[in-house]
Amino acid sequence: MPHTSSPATASWLHQAIARIEADYQRSADTHLIPLPLPAFAAAGIDLYLKDESTHPTGSLKHRLARSLFLYALCNGWVREGSTIVEASSGSTAVSEAYFARLLGLPFVAVMPRSTSAEKIALIEFYGGRCHFVESAGEVYDAARAVALETGGHYMDQFTYAERATDWRGNNNIAESMFTQMQRERHPVPRWIVVGAGTGGTSATIGRYVRYQRHATQICVADPAGSVFAAYHRTGDATLTAPGSRIEGIGRPRVEPSFIRTLVDRMEEVQDPDSIAAMRALSALLGRRVGPSTGTNFVAMLALAQEMRTRGEQGSILSLLCDAGERYLPTYHDEDWVRRCLGDCADAGERLQGRMA
Ligand SMILES: *Cc1c(COP(=O)(O)O)cnc(C)c1O
């Protein structure tokens with residue numbers, strides 16, 4: 001690749017950035033939905049979910065993909081014709097395929113073979129190509145190799161997610177949440193709960209609340225099999241784990257974008273509890289949510305319970321990361337759940353008790 005900038009390169013670059021900015025200008029913000037939970041409302045505790053499923057590509061990864069493209073373009077890492085390569089468990093690849101198509105760039109997603117057929121279909125819909133590996137741990141090296149072969153650019157969400165987004169504000173997800181809370185009875189959240197895949201969302205929100213000097217604390221809901229909870233306890237970045245069974249969150253290795261010092265608390269969540277919470281929340285909202293939103297809801301209820309016990313009032317915010325429609329044959333299918341994650345009946349009863 002030549003390391004000089006010609007006027008033609010600059011002109012393509014300017015047009016590419018302008019296209020992403022125009023796409024952003026056409027977009028609306030996502031809703032903040034209050035959860036109807038009378039038992040907590042009576043105790044002065046309000047729960048909300050920011051609905052990230054309504055982005056054009058259906059998940060909070062739409063924000064990340066936009067940030068990663070702008071960061072790569074401004075760094076001079078992507079030029080006209082560059083193949084974009086990403087290691088992904090699915091959602092990031094769907095969103096990056098959308099932006100690659102917007103810029104007329106080829107896109108290759110490197111994913112575990114277990115990735116849901118719905119996500120694969122979406123990546124291909126946006127003109128992307130899927131390159132499969134057998135296990136989640138192989139995606140990084142395979143993505144680097146594909147980038148080398150194609151002379152393309154490995155986007156590397158797991159490294160750059162924490163730095164590609166403007167954490168001080170500039171309409172990031174945290175600033176949007178605080179603005180949307182302004183007319184609520186507890187406008188400054190006591191807790192914000194997020195899952196961690198890259199760790200980018202927890203890093204952006206964590207930095208924002210400190211910079212703005214809010215009293216809000218950050219809780220990461222970590223699924224069974226993920227390494228993040230043990231890393232948060234020990235600080236040992238060489239730790240590994242078997243890997244999570246909740247798509248989108250929980251990782252087998254400590255990702256560089258997971259910034260431990262920005263997280264005040266970890267809540268470890270068992271898979272049957274995530275599934276039970278996903279189902280209960282879907283019933284409560286009248287629409288299906290994805291499994292990682294269930295994991296978030298379990299942690300929200302644990303924090304709400306604690307606040308009530310201590311006689312503390314306030315609000316708890318989290319994210320509706322993606323909709324359940326992507327998971328109809330998997331997490332929303334009873335047989336699949338029983339086969340892959342086990343029986344969730346007890347967890348369902350426990351959860352009903354926690355919502356009361
Ligand atoms: C990526 C993802 C998350 C976690 O977000 P990060 O910013 O990557 O930590 C949560 N839920 C879903 C469905 C995701 O795809």
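Computed from a predicted model, the values in this text were never measured in an experiment. Start at 1 and go down the list; that is how both ligands and their atoms are numbered.
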Mark up the atoms of ligand 1 that fall under 4.0 Å of a heavy atom belonging to Cys321, in ascending order.
10 (C), 11 (N), 12 (C), 13 (C)
Test side-chain contact (heavy atoms from CB on, under 4.5 Å) on Gln180 and Leu317 and set out the steps.
CA-CA 11 Å; Gln180 289 176 317; Leu317 271 59; over 6 Å; no
Please identify which atoms of ligand 1 are closer than 4.0 Å to at least one heavy atom of Ser91.
15 (O)
In ligand 1, the atoms that come under 4.0 Å of a heavy atom of Gly248 are 1 (C), 2 (C), 3 (C), 14 (C), 15 (O)
Applying a heavy-atom cut-off of 4.0 Å, say which part of Leu64 lies close to ligand 1: side chain, backbone, both or neither.
neither
Does the plane of the ring in His232 sit parallel, tilted or perpendicular to the ring in Phe258? Use 30° and 60° as the thresholds.
perpendicular
Residue and atom name of the nearest protein heavy atom (relative to atom 7 (O) of ligand 1), distance in Å to one decimal:
Thr201 OG1, 2.5 Å
What protein heavy atom sits nearest atom 6 (P) of ligand 1, and how far off is it?
Thr198 OG1, 3.4 Å
Is it the case that more than 12 heavy atoms not belonging to Arg129 sit under 6.0 Å from its CZ atom?
no
Of all the atoms in ligand 1, which lie at a distance below 4.0 Å from a heavy atom belonging to Gly199?
6 (P), 8 (O), 9 (O)
Kindly give the heavy-atom pair with the smallest separation between Gln157 and Ser257, and that separation in Å.
O-OG, 3.8 Å
Considering distance alone, does some N or O of Tyr327 sit under 3.5 Å from an N or O of ligand 1?
no
Counting only N and O atoms by type, is there a donor-acceptor contact under 3.5 Å from the side chain of Ser11 to the main-chain atoms of Pro7?
no
By number and element, which atoms of ligand 1 are closer than 4.0 Å to a non-hydrogen atom of Lys61?
1 (C), 2 (C), 3 (C), 5 (O), 8 (O), 14 (C), 15 (O)
As a check for students: among Ala323, Ser95, Gly197, identify the option with a heavy atom nearest to atom 4 (C) of ligand 1.
Gly197
Taking both backbone and side-chain atoms of Glu247, is any N or O found less than 3.5 Å from an N or O belonging to ligand 1?
no
Which of the ligand 1 atoms, numbered from 1, are nearer than 4.0 Å to a heavy atom of Ala196:
9 (O)
Candidates Leu319, Val289, Ile249; heavy atom nearest atom 10 (C) of ligand 1 found on Ile249
In terms of the angle between their ring planes, are Tyr211 and Trp167 parallel, tilted or perpendicular, with boundaries placed at 30° and 60°?
perpendicular
Look at ligand 1 and say whether Ser59 reaches it with a heavy atom at a distance under 4.0 Å.
no
N-O pairing of Arg190 and Asp46 below 4.0 Å:
no
Hey, is Arg308 close enough to Glu306 for a salt bridge, meaning N to O under 4.0 Å?
no
Run through Asn172, Thr165, Asp166 and flag the one making a side-chain hydrogen bond (donor to acceptor under 3.5 Å, both in side chains) with Ser67.
Thr165
Counting each atom of ligand 1 from 1 as listed, which ones have a heavy atom of Ser292 under 4.0 Å away?
10 (C), 11 (N), 12 (C), 13 (C)
Considering the heavy atoms of Gly200, write down every atom of ligand 1 situated less than 4.0 Å from one of them.
7 (O), 9 (O)
Could you check whether any side-chain heavy atom of Leu281 comes within less than 4.5 Å of a side-chain heavy atom of Leu49, counting everything from C-beta outward?
yes
